[in-house]
Protein chains: 2
Amino acid sequence: MADLVYRQVMRDLKHRIHQNEFPNKRLPDERSLSEAYGVSRSSVKRALSILANQGLIFKKRGSGTFINPLYMKNQTIFQYEGSNLGITDSMKSGGKTPGIRLLSFNVVPANKEIQQDLFLDEGDFVYEIKRLRLFDDKPFMIETGYIPIKIAPNLSQATVSDSIFNYLESQDKVVTKSFMSIQAQPSTAEDQELLHLKPVEPVGIMEGIFFLDDGTPFEVSNMRLHYQYLNYNTFVSLDEE
Amino acid sequence: MADLVYRQVMRDLKHRIHQNEFPNKRLPDERSLSEAYGVSRSSVKRALSILANQGLIFKKRGSGTFINPLYMKNQTIFQYEGSNLGITDSMKSGGKTPGIRLLSFNVVPANKEIQQDLFLDEGDFVYEIKRLRLFDDKPFMIETGYIPIKIAPNLSQATVSDSIFNYLESQDKVVTKSFMSIQAQPSTAEDQELLHLKPVEPVGIMEGIFFLDDGTPFEVSNMRLHYQYLNYNTFVSLDEE
DNA sequence: TAAACAAATTGATACGGTCCAATTGTCTAA
DNA sequence: TTAGACAATTGGACCGTATCAATTTGTTTA
């Protein structure tokens with residue numbers, strides 16, 4: 001994984017950018033980089049185009065390749081790079097202690113919507129996992145997830161009380177894609193109780209469908225977040241590449 | 001623009017997918033496509049990789065390329081493709097009538113945060129444009145935008161009462177990238193008045209920094225949305241390409 | 001019949017070449 | 001002095017090839 005040429009170039013450039021090796025905010029041209037690294041120009045292009053998609057650099061034909069000044073100026077807002085899909089891991093990386101309290105754990109027939117989202121048939125069953133997520137012992141999110149039993153037939157109460165994504169990895173299944181939808185709503189009585197919210201305080205809603213590597217939809221998840229913990233950052237590019 | 005080979009292939013494949021030309025959810029292999037379209041395999045790969053990033057298809061080495069079942073089953077949630085950055089255009093595409101009411105229009109010195117976001121120096125001035133956005137005559141969003149005067153020296157009250165992005169296009173400046181941050185908050189008294197909200201109803205906050213094609217940060221915008229209108233959808237992939 | 005192996009299929013990586021398009025700087029002519 | 005022509009630089013598009021790796025399929029073997 002770490003030996004791919006374009007990834008090496010990508011990583012090295014990222015590193016050099018962080019080291020402020022290009023104070024004039026301008027990278028060497030592609031042909032020079034190709035020669036300097038001893039790789040083909042195609043590989044350099046590939047590395048650069050990934051960095052551009054991540055918002056680190058901007059390419060301008062006829063002029064050169066430049067570092068996004070914002071990326072250097074305010075690194076905190078740019079935490080997007082290498083973003084994590086799983087909640088547990090995202091938290092850990094912040095150096096805080098994540099916690100999980102299992103609220104309920106059932107097997108139920110999939111309703112119409114879930115059938116559609118998870119590509120199931122009439123009569124298929126799913127786990128319904130309702131969990132309260134904690135952050136340094138403070139509850140911040142109510143999560144209701146649905147997972148087809150035929151994809152993970154061995155889910156136990158113990159497994160589900162920990163990170164499901166970590167469990168999956170141990171089964172050689174990797175979640176690398178997801179479709180997310182973000183909304184806001186007034187809090188319900190249950191929200192207020194579980195998340196310690198005042199009546200005027202809202203919840204953020206994140207609904208996600210998570211996919212395995214091969215495109216199989218694996219889980220639909222409905223997350224109700226304490227509003228102060230919802231902060232979704234993303235770099236949007238309309239280049240369609 | 002429309003004559004690029006990989007875009008033609010991409011568009012044609014997208015079209016054929018919509019026409020349900022691949023009922024077995026499987027696309028022809030890359031080599032066949034290359035031959036059928038009379039283009040190189042590289043171009044086919046490029047087209048396919050864009051479609052994969054958009055979540056339309058999944059590629060599986062050694063097996064083939066498959067259509068994301070969700071993409072066909074529920075097209076409404078997948079409106080992401082070809083997403084629009086500008087508010088006005090996004091609305092129009094929905095077949096509804098967008099409206100703008102100018103609340104205030106001033107030139108003010110950029111504060112520290114704006115200086116940082118827009119890469120300005122101490123003492124630089126920016127337009128401060130506060131507008132109420134309407135949707136079929138119903139207010140749904142309060143937008144406060146800041147634009148450096150040195151980038152758009154000729155902004156007039158009339159210009160600003162219409163779509164700024166459309167104005168930019170007429171000046172041959174294109175906005176293709178943005179950095180967005182999404183949050184939720186209880187509504188303030190002003191929110192409640194302008195957006196017709198009850199006290200318990202929240203607002204969605206979208207903050208965005210918009211970039212011109214060459215990477216120049218062009219505008220910071222703070223958008224307070226009626227919570228029922230905040231619905232941000234996105235396809236997330238951890239492949240880093 | 002089932003397991004092991006071999007071959008064909010299919011996408012991934014990487015190279016290097018050709019030509020094009022946008023930008024910038026320079027030189028020239030009015 | 002300035003406007004326009006020209007050349008050099010730099011990224012973009014596209015092609016074709018070679019090789020590798022994962023998966024599936026077919027065949028052989030125990």
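What you see below is based on every heavy atom in this structure, not just the backbone, and it leaves out hydrogens, waters and symmetry mates. Numbers restart at 1 for each chain; the letters A, B, ... are given by sequence-line order, proteins then strands.
In this model, the phosphate group of C:dT10 is approached by a side-chain N or O of B:Arg26 to a distance below 4.0 Å at OP1 or OP2. For the OP1/OP2 pair of D:dT10 and a distance below 4.0 Å, the side-chain nitrogens and oxygens of A:Lys59 include no atom meeting the criterion. Contact annotation: B:Thr65 does not reach the phosphate of C:dT10 (side-chain N/O to OP1 or OP2, under 4.0 Å). A sub-4.0 Å separation between OP1 or OP2 of C:dT13 and a side-chain N or O of A:Tyr6 is present. One finds a side-chain N or O of B:Lys45 lying less than 4.0 angstrom from the OP1 or OP2 phosphate oxygen of C:dA12.
Rounding to whole angstrom units, CD1 of residue A:Ile50 and C1' of C:dA12 are separated by 13 Å. Rounded to a whole Å, the CG atom of A:Leu51 is 14 Å from the P atom of D:dG11. Rounding to whole angstrom units, CD of residue A:Glu35 and P of C:dG16 are separated by 11 Å. Atom P of nucleotide C:dA14 and atom CG of A:Leu48 are separated by 14 Å, given to the nearest angstrom. If you measure from atom OH of B:Tyr37 to atom C1' of D:dA13, you get 18 Å, rounded to the nearest angstrom. The CG atom of A:Asp29 sits 12 Å away from the P atom of D:dG12 (whole-angstrom rounding).
The distance between the ring centers of A:Phe179 and A:Phe210 does not fall below 6.0 angstrom.
Side-chain N/O atoms of B:Asn231 and A:Ser181 include a donor and acceptor closer than 3.5 Å.
Side chain of A:Asn20 to backbone of A:Pro23: no donor-acceptor contact under 3.5 angstrom is found. Looking only at distances, no side-chain donor or acceptor of A:Gln183 sits under 3.5 Å from a matching main-chain atom of B:Leu230. A:Tyr127 contributes a side-chain N or O that, together with a main-chain N or O of A:Ala152, makes up a donor-acceptor pair within less than 3.5 Å.
With sequence neighbours left out, the side-chain hydrogen bond (donor to acceptor under 3.5 Å, both in side chains) criterion links B:Arg41 to B:Glu30.
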Discussion item. Walk along nucleotides 15-22 of chain D from 5' to 3' and tag each nucleotide B, S or - by protein heavy-atom contact under 4.0 Å, base first, then sugar-phosphate.
Written reply: BB----BB

